[in-house]
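The next block holds one structure in the form of structure tokens; read it before the comments.
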Amino acid sequence: MRCYAPAVRSSLRFPLTLALAVLVGCPQPSGDDDTSVDDDDTGDDDTGDDDTGDDDTGDDDDDDTTVSPTTTVQIISPPDGSTQQLFTTFVAQVDGGAPGIATWRIDGDEFHQEFFTLATGRSEHTVDTALWPDGTYTISAEATSWSLTDSIQVILQNGDLLHYELGDAVYEFEPLNPTPMVLDLVPSAVSMLQMVTPASGQPWEYLAGYAWNPDGEWAIGGANTSVYPISAAGGAPWAGGIPNHPNVPWLTGQYLLYPWGDETADGDTMTVDAVVKRAFSEPTAGLLHLDFYFVSGVAVSAATAPSHSGLQNMLDALESVFLAANIALGDVRYFDLPNAGYLNIDSYDELTALFAQSVTSGDRVVNVFVVEDIDLVGADPLGVASHIPGPALLNGTGQSGVALVDQYIQSNEPGTAAALAAHEIGHYLGLYHCSEVSGTLHDPLLDTVQCCNGGSCSATNLMDPYLYGDTSITDDQAWVLHRHPLVELIDPSQLPARSAPGLVNGADGLLSGPVPHFCGVGQ
């Protein structure tokens, strides 16, 4: 169920401008009498015309013979049995000089047809293998006019994440004609996480982004895309999820992505990334991979973590909480953070500096930092998430993780410790509070309860602003979780049973609430 050995993972990184071609070729004409040297070998001289040289006159009306075509078609690349990822170049060559039709098929289904290019014997076409689920396929190229076919088998392997590094742009404050980053989403896409990383020194308070969908409507940035503004809790990068709730129409096609900052960012360089999640059926189950960082001074270390009862009971309870959303824990790894200066966090600057220590993490993880105390201006929370939602595949930044106080891990109260961890991880994966304490703001989901009214809050959900003894997750909340890139999609049959022996239930040791200092400023 959980692996404590480091896992080797890779992410796909492709520049947006990459565009490769599929090439096919031209057939050879089959009745050219200038090649009549074959007549001597095949015994076709039964007309007796050899002495008169009539073969050179082109008078074939009295000749019953036909010349067999010598045209061949061959797939030159990729090699048979190779593994391909995105924008694969298939090349087929025909050894002829006459026009004809080329037909490409994948597992027998036609996906492209065109005329051969007479001059080169090839035709050009772009194939994005993200259009097909991962697996082994038979690719065939046919010179249709001559019924000549060649085929190979290739493995298409893109996983469920496509990471597009869209490049740098010089930011212009309130430009009249802003230049967007353009990204075409394949039909298999189910969500996108847009991220903006500024040059050093960019004020985090005003870092954000916005996007237009293929219909020319707001995908991020408009009043109907989210109840809350999507902004940073401190540090960079900024991240925004599209879609961030199920009642917003999801479209594939061309998106226009923009960075955004305040006037002081004018002329600064910003980098835009997009992590696209693809699935060929409704996402319904996933794995969550965690990297724990133990600051020097807390009672748990990377060496003692696998046998520390408080931590291991918390992890069992944490899995029990997330299994309600059909999400199991995947790889769990442990690291020591020797800098004792992060033991007690007392400013947002220290908090973002702490999150930036996640440089040893693999790409597809939520980083969890365990500290002794967090005491910020106006609040001393038990946990803080860096961002809603958190960035993905960009570790070592001021937004790369969540921080937890070790109080309930040390006291071995797994239900409360797990609820704390699940709540902050839920923020990182895109979930807001069901209601803010004031009762004036509520999340954009339709099946959550507005749990607060004028400061009076009740127990309804894991994402209530205070812990009131309820760690349930709604269907809409699970929908959001499954679309964050850091939840690896799996078949539901791979999930452990919720009643698996050894699991500590998420309610075990769960305080009935409210838990003092459960949630921090804006969290």
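Please read these numbers as outputs of a predicted model, since none were measured by experiment.
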> Any salt bridge between Asp291 and Arg333, counting N to O under 4.0 Å?
Replying inline: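 Salt bridge present between Asp291 and Arg333.
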
Any chance the side chains of [X] and [Y] put a donor and an acceptor closer than 3.5 Å?
X: Asp476; Y: His245; result: no
X: Gln84; Y: Asn158; result: no
X: Thr103; Y: Glu142; result: no
X: Thr448; Y: Asp443; result: yes

>> side-chain hydrogen bond (donor to acceptor under 3.5 Å, both in side chains) for Thr474 and Asp447? Distances and angles first, verdict last.
In response: CA-CA 7 Å; Thr474 70; Asp447 66 350; 3.0 Å; yes

>> Can you tell me how the ring of Phe90 sits relative to the ring of Phe111, calling it parallel under 30°, perpendicular over 60° and tilted otherwise?
In response: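 The rings of Phe90 and Phe111 sit tilted, inter-plane angle from 30° to 60°.
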
> Can you list the steps and then say if Glu114 with His112 is a side-chain hydrogen bond (donor to acceptor under 3.5 Å, both in side chains)?
Replying inline: CA-CA 7 Å; Glu114 65 182 5; His112 184 64; 3.1 Å; yes

Any donor-acceptor pair under 3.5 Å linking the side chain of [X] with the backbone of [Y]?
X: Ser386; Y: Gln399; value: yes
X: Arg278; Y: Ala130; value: yes
X: Asp168; Y: Thr269; value: no

> Are the aromatic rings of Trp218 and Tyr210 close, with centres under 6.0 Å apart?
Replying inline: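 Judged by ring-centre distance (under 6.0 Å), Trp218 and Tyr210 do meet the cut-off.
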
> Taking it one step at a time, do His433 and His427 satisfy ring pair (Phe, Tyr, Trp, His ring centres under 6.0 Å)?
Replying inline: CA-CA 8 Å; His433 287 154; His427 280 319; 4.9 Å; yes

